[in-house]
Protein chains: 2
Amino acid sequence: MATPTIRDVAREAGVSTATVSYVLNDSRRVAEETRQRVLQAAQRLGYRANIIARNLQASETRLLGYTWRPTPPDQFNPILDQFLNAIAQAAARHEYHILTFPTTSIEEEIAIYREMVLTGQVDGFVLSNTNLDDPRVRALLEIGFPFVAFGRSNPQWDFPWVDVDGVHGVVLATQHLLERGHRRIGCLAWPEASLTGQYRLEGYRRTMAEAGLAVDPAWIMRTENTYEDAYRTACAMLSLPSRQRPSAIIALSDLMAIGAMNAAADLGLEVGRELAVVGFDDAPVARFLRPPLSSLAQPIPEVGERLATMLIDLVNGRQPAEPHVLLKPTLVVRASSAFRYTE
Amino acid sequence: MATPTIRDVAREAGVSTATVSYVLNDSRRVAEETRQRVLQAAQRLGYRANIIARNLQASETRLLGYTWRPTPPDQFNPILDQFLNAIAQAAARHEYHILTFPTTSIEEEIAIYREMVLTGQVDGFVLSNTNLDDPRVRALLEIGFPFVAFGRSNPQWDFPWVDVDGVHGVVLATQHLLERGHRRIGCLAWPEASLTGQYRLEGYRRTMAEAGLAVDPAWIMRTENTYEDAYRTACAMLSLPSRQRPSAIIALSDLMAIGAMNAAADLGLEVGRELAVVGFDDAPVARFLRPPLSSLAQPIPEVGERLATMLIDLVNGRQPAEPHVLLKPTLVVRASSAFRYTE
DNA sequence: GGCCATTGTTTAAACGTTTAACCACAGGCC
DNA sequence: GGCCTGTGGTTAAACGTTTAAACAATGGCC
């Protein structure tokens, strides 16, 4: 009843364990007749090689570690599901699996990385949500352990990453709004410390400049990525005198976009007619909002796919073909910004 | 530079590997002086026992497997984040970790379970989203491998599960609506095949019966758990003649509740004044909707916590103290149903 | 017939732990 | 002095693979 080992198969086939291993892994020439005997014996016993034993021998785990901070109740994580799935799927294709573990702070996260490296629990790590001078990146570079990151960190540091081009995304959004007739466009941005926030804001600034439009400083307001903050800040922006008030708002996340939409509604402004709103992330719920929210969709499946294969390359000592990948988001236009705006 | 093994520590401390192991695991009396020498040697070398080797020796993996179907684009998964975190956290407390892997169908899922059991890749499984006569439950019972399920399946089958009491949840919701003056209450339900759907609907039926109210068959409409279906179905329900039309709708999920809210809006009915809507799951977005959506919150952290500890008990051959746990959801009342209704 | 190459198989070490079984020694007791 | 007990340590097997190295048998060639 206990699961059969390679020894059982060897006995059953009247052959040594080495031969069994060679047959099953196709790693050496074996006489056809013997081959068949072994295969049949394995089949009969329902034998499958034990993974831990194999891993010990190969001194690898075929596990990739991933952790993320649990989402606080005033936010939501629109991509975890897709992201996790994408990396797990790509990993599975190479017979790797994802090991998830919870962490509550960056410090704890780093401590656990160290511990896992030392105990040999995983072969590499996937980081997400990196920031400027991210201490996790620094730590892993210093340890010299394989990892890849969803997001950039410090141009000086050489490590493999995949990121979504925030500049390009917001350029698309801004151009789209300009096309629809908007001239006063506001941006609900993140604190300056956020690298992702910097890129996205840059897209806005650049496009406005190229269009020859001056940006009123009151049109750029920074807040934390929470609904409440975004709501309050949008209220402030929309309470500007009517000649100064933006007719369109780009929010750096869908969560904040929802805050803006609700602020507008509470101030008696109709989103989709008097005010345009565009978000970022294309959260599943964006389609279901009233009006449906335009948003920048990140190619999360491809991000995950690329990260996983890059990491597997690294783990196996291969230099990834493209260690820095910048993918383009696509703008999904919905009713919140589809209308033509006229003064 | 290579990570040190127990042999290195033994050499460094001038002692055998057995002694090192005994000291580090506190599994036998060792003279204090030797103990210190070993501890210091280990410290000096930064030694940590290799997990794979330990696992091979103990023939365990300290991994718990979990898989879920990626959410299709017309739905969302409001609890994955929390759930995964809860089980990972509880598991970590006992030095277990979660292994995630993707599957695209129930059949594939079962095949992978079989494979993982045979190759000894995990010590047990966490199932979620179980249904009546769930084939996964049947397969794992037949294999005789440790698992726990979030959700019930077949009263005849004896297996450990944790579930949220759907009957009680919808009883709460229905009572709440009755209290606010509603008499014609509709229910957006799931296809009959859904066990969870059966329980929830039962809560509605029971409460209506206890209140002595006859349920018009047109008030119960079944659809798949998608936004589009829910929207269409809600339109149908709200297009009933005004004396027959429900003044309140209980939807079996927040996704469907959103469909109902939008249907109402499109038919010119004001949710929160003319129509009450209550959902189920308390998705993060429920708070941000307009009006904010009342919903039944599932105690997901506790579900995950219980499941993980139950599974770890099982894996270690202990009978879980409570193998069947039914937790109560709580009703979160928000503006979508807080108002008092009068004809 | 001796030598060599080729083919097919086995032997045994290795991966890094844990742990049962054994051993050495000291002290106490008769 | 012999025996027993307790203490503190070591030896070696085991977990289940993979794989380098050794070995045996066969056939071809000079």
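Throughout, a chain's letter reflects where its sequence line sits, starting with A, and its residues are numbered from 1. Note: hydrogens, waters and symmetry copies are ignored here, and every other heavy atom, side chains too, is used. Everything quoted here is computed from the prediction, not taken from an experiment.
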**Q** Without hydrogens or angle criteria, can the side chains of Thr61(A) and Asp123(A) be said to hold a donor-acceptor pair below 3.5 Å?
**A**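 Judged by distance alone, the side chains do pair up.
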
**Q** Side chains of Asn50(A) and Thr5(A): closer than 4.5 Å at any heavy-atom pair?
**A**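 When only atoms from C-beta onward are counted, Thr5(A) and Asn50(A) do not touch, as no gap falls below 4.5 Å.
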
**Q** Between Ser59(A) and Leu56(A), is there a donor-acceptor pair closer than 3.5 Å when you use the side chain of the first and the backbone of the second?
**A**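 A pair under 3.5 Å: no.
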
**Q** Without hydrogens or angle criteria, can the side chains of Thr103(A) and Thr67(A) be said to hold a donor-acceptor pair below 3.5 Å?
**A**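 Yes, a side-chain donor-acceptor pair sits under 3.5 Å.
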
**Q** Distance check needed: dT17(D) P versus Arg48(A) CZ, whole Å only.
**A**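 Roughly 11 Å, once rounded to whole Å.
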
**Q** Check whether any side-chain N or O of Arg62(A) sits under 3.5 Å from a backbone N or O of Glu95(A) as a donor-acceptor pair, and report yes or no.
**A**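 The answer is yes, because a donor-acceptor pair under 3.5 Å joins these two groups.
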
**Q** By a strict heavy-atom criterion of less than 4.0 Å, which residues belonging to residues 22-44 of chain A are in contact with DNA chain D?
**A**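 Listed by number, they are Tyr22(A), Asn25(A), Arg28(A).
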
**Q** One pair to check against salt bridge (Lys or Arg N to Asp or Glu O under 4.0 Å): Glu302(A) and Lys328(A). What are the steps and the verdict?
**A** CA-CA 11 Å; Glu302(A) 189 180 352; Lys328(A) 299 214 175 306; over 6 Å; no

**Q** Should Thr104(B) and Arg69(B) be marked as a side-chain hydrogen bond (donor to acceptor under 3.5 Å, both in side chains) after you check the CA-CA gap, both sets of side-chain angles, and the distance that decides it?
**A** CA-CA 6 Å; Thr104(B) 50; Arg69(B) 221 70 71 246; over 6 Å; no

**Q** Under 3.5 Å for both pairing distances: what stems, at least three Watson-Crick or G-U pairs long, include DNA chain C?
**A**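 C:1-30 with D:1-30 - these are the stems of 3 or more pairs that involve DNA chain C.
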
**Q** Rounded to the nearest angstrom, tell me the gap between atom CG in Asn50(A) and atom P in dC15(C).
**A**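 Distance check: Asn50(A) CG to dC15(C) P gives 19 Å.
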
**Q** How many Å lie between CD on Gln121(A) and C1' on dG16(C), as a whole number?
**A**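 It works out to 15 Å between those atoms.
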
**Q** For Arg62(A) and dT17(D), give me the distance from atom CZ to atom C1', rounded to whole Å.
**A**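 Atom CZ in Arg62(A) sits about 14 Å away from atom C1' in dT17(D).
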
**Q** Report the residues that fulfil side-chain contact (heavy atoms from CB on, under 4.5 Å) with Asp134(A), sequence neighbours left out, ordered by chain and then residue number.
**A**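 Here the qualifying residues are Thr130(A), Asn131(A), Arg136(A), Val137(A), Ser153(A).
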
**Q** Measure from the side-chain heavy atoms of Thr19(B) and tell me the nearest of dG16(C), dT10(D), dT17(D).
**A**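 Ranking dG16(C), dT10(D), dT17(D) by closest atom to the Thr19(B) side chain puts dT10(D) first.
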
**Q** Tell me which residues in residues 51-60 of chain A put a heavy atom below 4.0 Å from DNA chain D, sorted by number, or none.
**A**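 Only Ala53(A), Arg54(A), Gln57(A) qualify.
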
**Q** Nearest whole angstrom, please: distance from the P of dA13(C) to the CZ of Arg7(B).
**A**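 Roughly 14 Å, once rounded to whole Å.
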
**Q** Give me the one residue out of Phe159(B), Phe145(B), Tyr66(B) that meets ring pair (Phe, Tyr, Trp, His ring centres under 6.0 Å) with Phe125(B).
**A**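 It is Phe145(B); the other options fail the test.
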
**Q** Between the main-chain N or O of Gln156(A) and the side-chain N or O of Asn154(A), is there a donor-acceptor pair closer than 3.5 Å?
**A**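 Pair found, side chain donor or acceptor close to backbone of Gln156(A).
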
**Q** Is the CG atom of Asp133(A) crowded by more than 12 outside heavy atoms at less than 6.0 Å?
**A**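 Check passes, neighbour count above 12.
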
**Q** Less than 4.0 angstrom between a side-chain N/O of Ser21(A) and OP1 or OP2 of dT18(D), yes or no?
**A**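 Ser21(A) to dT18(D) OP1/OP2: side-chain N or O found under 4.0 Å.
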
**Q** Tell me, please, which residues at least two apart from Gln40(B) pass side chain to side chain donor-acceptor pair (under 3.5 Å).
**A**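 By the side chain to side chain donor-acceptor pair (under 3.5 Å) rule, Gln40(B) matches no residue at all.
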
**Q** Does atom CG (Asn129(A)) have a neighbourhood of more than 12 heavy atoms from anything else shown, all under 6.0 Å?
**A**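 No, not enclosed.
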
**Q** Which residues, if any, of residues 10-18 of chain B bring a heavy atom under 4.0 Å of DNA chain D?
**A**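 Here the set is Val15(B), Ser16(B), Ala18(B).
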
